[in-house]
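For reference, the structure is listed below as structure tokens.
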Amino acid sequence: MLLKLAMRNIWRNKRRTIITATSIFIAVFAAVSVESLKRGVWDNMINGVVNGYTGFVQVHQKGYWEERSIDQAFSFDESFQNLDQKVSNIKAVIPRIESFVLASHKEETKGGLLVGIDPTKENNLTKLADKLIEGAYLEAEDNAVLLAEGLAEELELTIGDSIVFISQGYRATNADGIYKVKGILEFKSPDQNRKMVYMPLKCAQDLFALNEDGQNLVTALAFKINDKNHIPKIVETLKADLDTETEYDVMTWEEMLPELTQTRELDEGGSKVSQFILYLIITFGIFGTVLMMTKERVYEFGVLLSIGMKRTQLTISIWLEIVLIGFLGTLVGILGGYGLVYYLYNNPIKLTGEIATIYEDYGINPILITSLDFDIFLKQALTVFIITSLLALYPLLKIRRLKPVEAMRS
Amino acid sequence: MSNNNNKTVITTKGVTKVYNPKTIPVHALDGVDLEIKAGEFTAIVGPSGSGKTTLLNAIGGLDRPTEGSIEIAGVDIATLSDGKMIEFRRNNIGFVFQAYNLIPVLTAKENVEFVMLLQGKKKAAMDSRTKELLESVGLGDKMNNRPAQLSGGQQQRVAVARALASKPQFVLADEPTANLDSKSTANLLDIMARLNKEENITFIFSTHDQRVIDRARRVVTLVDGKVFSDEYK
Ligand SMILES: Nc1ncnc2c1ncn2[C@@H]1O[C@H](COP(=O)(O)OP(=O)(O)OP(=O)(O)O)[C@@H](O)[C@H]1O
Ligand SMILES: [Mg+2]
């Protein structure tokens with residue numbers, strides 16, 4: 001009965017319903033948009049960093065990520081090569097051999113990070129060829145390297161010169177070799193620009209003695225994954241598939257890049273404050289409407305009490321009324337918010353000037369983009385809905401103290 | 001006539017109401033003693049400000065007196081909690097206010113139904129009683145009009161129908177005809193008189209209107225919050 005009454009009130013006083021619903025709509029709309037933009041900006045940043053090197057998920061031999069020893073290489077056999085067909089949403093499997101080397105030219109010697117890659121697959125994940133500023137990109141059969149610009153400068157190397165690497169190979173063998181410089185790469189991150197060296201996978205296997213008996217050893221497998229929401233499922237499948245007790249580690253970008261994760265958590269802490277302020281504004285906005293609505297209806301409340309409606313009944317019916325309007329406003333808010341967010345997702349705001357440069361330095365697309373993650377909508381809408389439900393308790397205070405005679409005088 | 005006609009159903013003893021006791025005290029009622037018997041049709045008259053509304057509100061439990069006691073149908077209403085008072089009012093007292101006090105967003109039918117809805121009546125019973133009441137006040141064809149779509153007299157008749165919906169023993173009406181033309185006034189009085197006879201409902205109404213006073217069988221006159229005279233006709 002009280003529900004019916006509430007519905008009738010909503011339906012009969014459309015102006016009031018629309019005003020109240022609008023205030024809630026604006027609240028949800030604002031909360032959803034702000035949160036989505038924040039999440040989108042972070043996702044963009046993470047995508048930039050993650051796709052620039054690690055990928056979202058990697059498989060290593062157990063303990064490799066901490067020790068980084070070439071001895072922890074494992075066989076890139078057929079079962080690994082076919083993972084992109086076996087596990088849905090893995091778009092490509094990208095094998096790598098990573099090891100620190102001493103790189104020399106003439107009298108100069110520098111430390112570098114050598115990465116053996118499958119040139120085509122690597123380019124598919126990290127767009128390595130786009131970083132080329134001189135020379136040509138690698139072919140699988142090449143016996144040549146690509147050098148980061150900074151390293152090339154320090155070693156005074158240009159295209160066509162020879163570079164010598166010395167390192168330790170698989171199981172304490174000696175690793176050394178001489179290679180032609182085929183191309184120069186420019187990295188926006190200064191650290192990478194000082195140390196990166198790329199060579200074809202086969203070449204690296206020869207250098208580090210990783211294919212002596214045809215075992216086709218590598219140190220890491222990265223995966224091309226288009227949507228980071230697929231990560232948990234993929235990780236789960238991989239963990240079920242591989243012996244992660246003793247043989248392998250399956251790591252996500254969050255585990256591989258703890259600094260990035262920490263920075264984000266820090267930022268989220270900071271934005272808690274701004275979120276709190278937003279919610280405060282929302283609360284006052286909705287409270288204003290509830291206050292108005294209550295004031296406007298004091299007379300009606302007085303009549304209802306005087307003809308025998310109990311205070312609890314009246315309170316419940318008004319509460320239901322506001323909550324139902326809240327539900328309506330929330331729903332429309334989600335739809336409207338989604339509309340805006342969807343538009344901004346497809347037409348992101350381009351950053352210009354200094355900020356854009358900083359973004360680009362870290363390999364991040366300089367745009368403000370939103371996120372369409374479903375949980376944003378759910379969480380924000382739920383929060384506003386809960387705020388509304390609590391504010392809907394305000395009339396309770398009013399009704400509890402209402403004197404029918406005085407109320408009807410107004 | 002019903003056999004409990006001479007039974008006292010409302011007793012007020014020394015009822016006093018002081019508004020603003022701390023600032024500028026107004027003695028709206030000053031020791032009102034009244035006994036109302038079942039089935040009486042009583043008019044409370046008196047000049048403006050003499051305390052008519054205050055007395056009706058006190059009897060109906062809408063407002064509590066500063067002093068004195070009120071007993072209705074054997075219940076000392078001072079002993080009822082706020083919630084119990086509301087429930088008691090819902091089941092025993094129908095109010096008709098000077099300003100009609102209908103709920104603007106509800107239709108005539110819904111306004112009348114409301115109390116029965118609160119009483120948890122079945123839909124069929126509710127529908128037939130609402131129809132019967134609105135027809136008896138001559139508004140059978142205006143059931144689905146909202147108050148704004150009714151004249152003052154029609155609204156007041158809806159208010160009377162509403163007051164009777166719960167089958168109360170008592171109807172308290174505060175200047176029910178104050179805003180009505182003479183035709184509507186006569187009409188409303190006929191309805192009230194008929195209900196008083198047929199359903200043996202005890203009516204107490206305040207009024208300034210000589211035509212209404214003429215129809216009453218008992219006239220209580222208040223002056224300055226005191227009973228000045230009390231006559232049966
Ligand atoms: N809420 C209130 N606060 C202060 N004084 C009040 C209040 N209600 C009524 N009064 C005063 O109490 C006295 C009695 O008022 P009441 O409304 O009972 O008179 P009444 O006989 O109904 O008058 P009327 O014929 O004009 O309706 C008046 O002097 C009035 O000003
Ligand atoms: Mg009055």
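The chains referred to below are lettered A, B, ... by the order of the sequence lines, with proteins before strands, and numbering in each begins at 1.
Taking chain A as the reference chain and counting heavy-atom pairs below 4.5 Å, the highest number among B:Ile93, B:Asn57, B:Asn91 is found for B:Asn57. Counting heavy-atom pairs closer than 4.5 Å to chain A, the top-ranked of the candidates B:Arg146, B:Glu110, B:Gln119, B:Met85 is B:Glu110. Each of A:Glu300, A:Met309, A:Lys403 has some count of heavy-atom pairs under 4.5 Å with chain B, and the biggest count is that of A:Met309.
In this structure, chain A has heavy atoms under 4.5 Å from both the backbone and the side chain of B:Leu106. If you measure heavy-atom distances from B:Ala99 to chain A, the contacts under 4.5 Å come from the backbone alone. Of the atoms belonging to B:Ile103, it is side-chain heavy atoms, and not backbone ones, that fall under 4.5 Å from chain A. Using a 4.5 Å cut-off between heavy atoms, B:Phe97 touches chain A through its side chain atoms alone. The contact between B:Asp82 and chain A is made entirely by side chain atoms (from C-beta outward), counting heavy-atom distances below 4.5 Å.
A 6.0 Å sphere centred on OH of B:Tyr19 holds more than 12 heavy atoms belonging to other residues, nucleotides or ligands. Enclosure of atom NZ in B:Lys121 by more than 12 non-hydrogen atoms of other residues, nucleotides or ligands within 6.0 angstrom is indicated. A 6.0 Å sphere centred on CZ of A:Phe327 holds no more than 12 heavy atoms belonging to other residues, nucleotides or ligands. Sparse packing is recorded around CD1 of B:Ile24, with 12 or fewer heavy atoms of other residues, nucleotides or ligands lying under 6.0 Å away. Atom OH of A:Tyr345 has 12 or fewer heavy atoms from other residues, nucleotides or ligands within 6.0 Å. B:Glu67 CD: 12 or fewer foreign heavy atoms inside a 6.0 Å radius. Within 6.0 Å of atom NZ in A:Lys14, more than 12 heavy atoms from other residues, nucleotides or ligands are found, so the atom counts as buried in its surroundings. Crowding of A:Lys38 atom NZ: a count of heavy atoms from other residues, nucleotides or ligands under 6.0 Å exceeding 12.
To the nearest 0.5 Å, atom CG of residue B:Asn101 and atom CD1 of residue A:Ile307 are 9.5 Å apart.
Two residues are said to be in side-chain contact when any heavy atoms from C-beta on lie closer than 4.5 Å; B:Ile86 and A:Arg311 meet this criterion. Between A:Trp11 and B:Val105, every side-chain heavy-atom pair lies at or beyond the 4.5 Å cut-off. Proximity of A:Val303 to B:Arg162: side-chain heavy atoms (C-beta onward) are separated by under 4.5 Å at one or more points.
Partner of A:Val405 under the side-chain contact (heavy atoms from CB on, under 4.5 Å) criterion, out of B:Thr53, B:Leu62, B:Thr54: B:Leu62 alone.
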